[in-house]
There are 2 protein chains.
Amino acid sequence: MTHYEDPFYRLPSIPASFMSTYQRSCLVCYLKHYIDLSDVDQGLIAELEQEERSVTARERVLSGGDAVRMLFVIKSGWLFQDTDLADGRRHLVRTLLPGDVYGLGELSNTHASTHLTACTDAVICPFPKAALSTIILRSPRLAALLLDLSARDQVLYVDRLRAASRMSAKSRVLSLLLTMLDRLRVTGEGRGDAMDLPLNQSEIGDLLGLTNVSVSKAMVELQQSGVIERRRSRVTLLDRLAAAESVDHVDRYSSLDTAWFPDPSATG
Amino acid sequence: MTHYEDPFYRLPSIPASFMSTYQRSCLVCYLKHYIDLSDVDQGLIAELEQEERSVTARERVLSGGDAVRMLFVIKSGWLFQDTDLADGRRHLVRTLLPGDVYGLGELSNTHASTHLTACTDAVICPFPKAALSTIILRSPRLAALLLDLSARDQVLYVDRLRAASRMSAKSRVLSLLLTMLDRLRVTGEGRGDAMDLPLNQSEIGDLLGLTNVSVSKAMVELQQSGVIERRRSRVTLLDRLAAAESVDHVDRYSSLDTAWFPDPSATG
DNA sequence: CGCATAATTGATGGTTATCAAGACCAGTGG
DNA sequence: CCACTGGTCTTGATAACCATCAATTATGCG
């Protein structure tokens, strides 16, 4: 059994090196969970966050069809990628939390396939697509890490695809909550098994392929059956491991396979 | 309007350079559609296909949970990645056609998250995960291309996620057919708008989140409304562009954004 | 307090799942 | 040639689940 399959696996606590020279770089903090970063690496990443842009809740940062010139490191706040469907409905493609990078999934597109919308007030750091070339040239290990992150995003989509295809409304909502807790734990924001969910039920529905009504009913049921507690936008999972078991949930954020990476001594 | 949005966009015909030194490398043929490959690049890729392994239809090549030591270039035949659900049903994660690479989406996993099953007789070329490190070190442009391919796989999952979340059974089946035709056109196997589909309706159902019964009904309807023709396993789209329009289908295979790639002169 | 947004609740209908039976087809062997 | 076989596909009946619609209640903010 690998730790991927181990319901009792727990993420190691945040190392002391967390507070480094580049502590202000969200992405450095995030990536340090997965590999040791050389000074060169940290410098390369920190450069991506040279510029900052503040956006306000509900602001549309990018529209589908726009040329994708810049990618964004999310420094604070939540955003999501969404598209409009022909019949007027909306599909929420993914959410973006601090430490996430918008655009790794749009690399192959010259034009954005989705909108990018701020969910809460947020700070994002734009950097040009071509900055990834610099990273590839200068740091093979970071290049490998980028591939790994892209692969993980694929796995996450696969998980959601299975959920949307084959799971009940209640299970889908529960899966979402579990995944969100996993994500928050990476950056240390997740304290215990509770979280603030800045998405309303219509947005959750658009994320899961449900209506706001079904989301409401699913959450009421989850609450009444003692799986979750709610107060305002705060949701608490009362028994996270049991919940994870019940929907075959796997934590995709606890670690990445980095064994295949180039040797740290190798330079690009 | 970009060509992504242009329903009349057609893939440029296969360039003469198709017949190169490495013509026996499936992947070289495939990738040449997207960027010019230097001799070094072609050598690196061809090395991935040094070894060959033949598998027979229905053979399970890899089981979920197995350590992922090797990735595979698909040289001929069809395969798919599938998982078993808790209730005994099956989910088909993706299909793999010649030129595809199994494992780019499993890079971040030490152990396979899905089974790998041969759909028809097939020839696959195993290569170690670490070979990607070599590519990253030696060819920045290929590294960028790998990132691009991974990004495109993400986009494809997003398309399917939207379909599974919000589209009718009939539209989902039609979307699948359109995507398959797009894929076959890259390697030149797709002649016109007809194809042989080596998947039975249960497999199509597991791919789309439907039952075999719903797939059957959807296909009968598509046939009766004059959208498709069927004979045995052969399916023909009678008006591909109109069909694509009707389900908001976008060809993700016609091109990739490679403008952000490192300069060809740059060496890793 | 009053307004706007969000969440809940109940009634109804549509789409697909489920179940079951039969048709079709290719291959096999008597 | 024909019966038999196993797989696949089709068809119809029923049921489950979620969407949709509409009305009400709750929440948050000025």
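Given the structure is predicted, the values throughout are model-derived calculations rather than measurements. The basis for the numbers below is simple: all heavy atoms, side chains too, and nothing from hydrogens, waters or symmetry mates. In what follows, every chain begins at residue 1, and chains take the letters A, B, ... in the order their sequences are listed.
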statement: Once base and sugar-phosphate atoms are separated, protein heavy atoms under 4.0 Å mark nucleotides 25-30 of chain D, 5' to 3', with B, S and - as ---S--
field: B/S/- contact track for nucleotides 13-23 of chain D, protein heavy atom under 4.0 Å
entry: B----SSBB--
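D/dT8 atom P lies 22 Å from atom CZ of B/Arg231, rounded to whole Å. B/Met219 places its CE atom 15 Å from the P atom of D/dT8, with the value rounded to the nearest Å. In this entry the distance linking CG of B/Leu208 with P of C/dT16 reads 12 Å, nearest Å. Regarding A/Leu222, its CG atom lies at a distance of 15 Å from the C1' atom of C/dT8, rounded to whole Å. For the pair A/Leu197 CG and C/dA7 C1', the interatomic distance rounds to 14 Å; values are reported in whole Å. Rounding to whole angstrom units, CD of residue B/Gln224 and C1' of D/dT10 are separated by 11 Å. Atom-to-atom, CD of A/Glu221 to P of C/dT8 comes out at 12 Å; the value is rounded to the nearest Å. Separating the CG atom of A/Leu199 from the C1' atom of C/dA7 is a distance of 15 Å, rounded to the nearest angstrom.
A donor-acceptor pair shorter than 3.5 Å cannot be found between the side chains of B/Ser175 and B/Arg160. Under the 3.5 Å distance criterion, with hydrogens and angles disregarded, no donor-acceptor pair is assigned to the side chains of B/Asp121 and B/Thr56. Using modelled atom types, one finds a donor on one side chain and an acceptor on the other under 3.5 Å when comparing A/Gln154 with B/Ser150.
Every pair passing ring-ring contact (aromatic ring centres under 6.0 Å, His included) that includes a residue from residues 68-101 of chain A is listed here, sequence neighbours excluded: A/Phe72-A/Tyr102.
Nearest-nucleotide positions on DNA chain D for B/Val220 and B/Arg58 put B/Arg58 closer to the 5' end. Residues A/Ser165 and A/Arg230 both approach DNA chain C. Their nearest nucleotides, taken by heavy-atom distance, put A/Arg230 toward the 5′ side.
Between B/Ser216 and the phosphate of D/dT10, there is a side-chain N or O to OP1/OP2 separation shorter than 4.0 Å. Here B/Gln201 does not reach the OP1 or OP2 of D/dG7: none of its side-chain N or O atoms lies under 4.0 Å away.
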query: Does the side-chain hydrogen bond (donor to acceptor under 3.5 Å, both in side chains) test come out yes or no for A/Ser254 and A/Arg185, once each step is laid out?
result: CA-CA 9 Å; A/Ser254 58; A/Arg185 241 175 294 127; over 6 Å; no
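None of B/Asp153, B/Asp159, B/Asp182 except one satisfies the side chain to side chain donor-acceptor pair (under 3.5 Å) rule with B/Arg252; the exception is B/Asp159. Tested against B/Asp82, the residues B/Arg89, B/Arg58, B/Arg60 include a single salt bridge (charged side-chain N to carboxylate O under 4.0 Å, His left out) partner, B/Arg60.
Terminal axes of the helix from C/dC1-D/dG30 to C/dG30-D/dC1 (five pairs each, C1' rotation axis) are separated by 30°, to the nearest 10°.
Within the 3.5 Å criterion, the main-chain N or O of B/Asn212 finds no donor-acceptor partner in the side chain of B/Ser216. Looking at B/Ser63, its side chain never comes within 3.5 Å of a backbone N or O of B/Asp66 through a donor-acceptor pair.
Checked against side-chain contact (heavy atoms from CB on, under 4.5 Å), A/Ala169 has the following partners two or more places apart in sequence or in another chain: A/Leu210. For A/Thr114, the side-chain contact (heavy atoms from CB on, under 4.5 Å) test picks out A/Gln81, A/Thr83, A/Val93, A/Glu106, with sequence neighbours left out.
Ion pair A/Asp248/A/Arg162 not flagged as a salt bridge, since none of the NZ, NE, NH1 or NH2 atoms sits closer than 4.0 Å to an Asp/Glu carboxylate oxygen.
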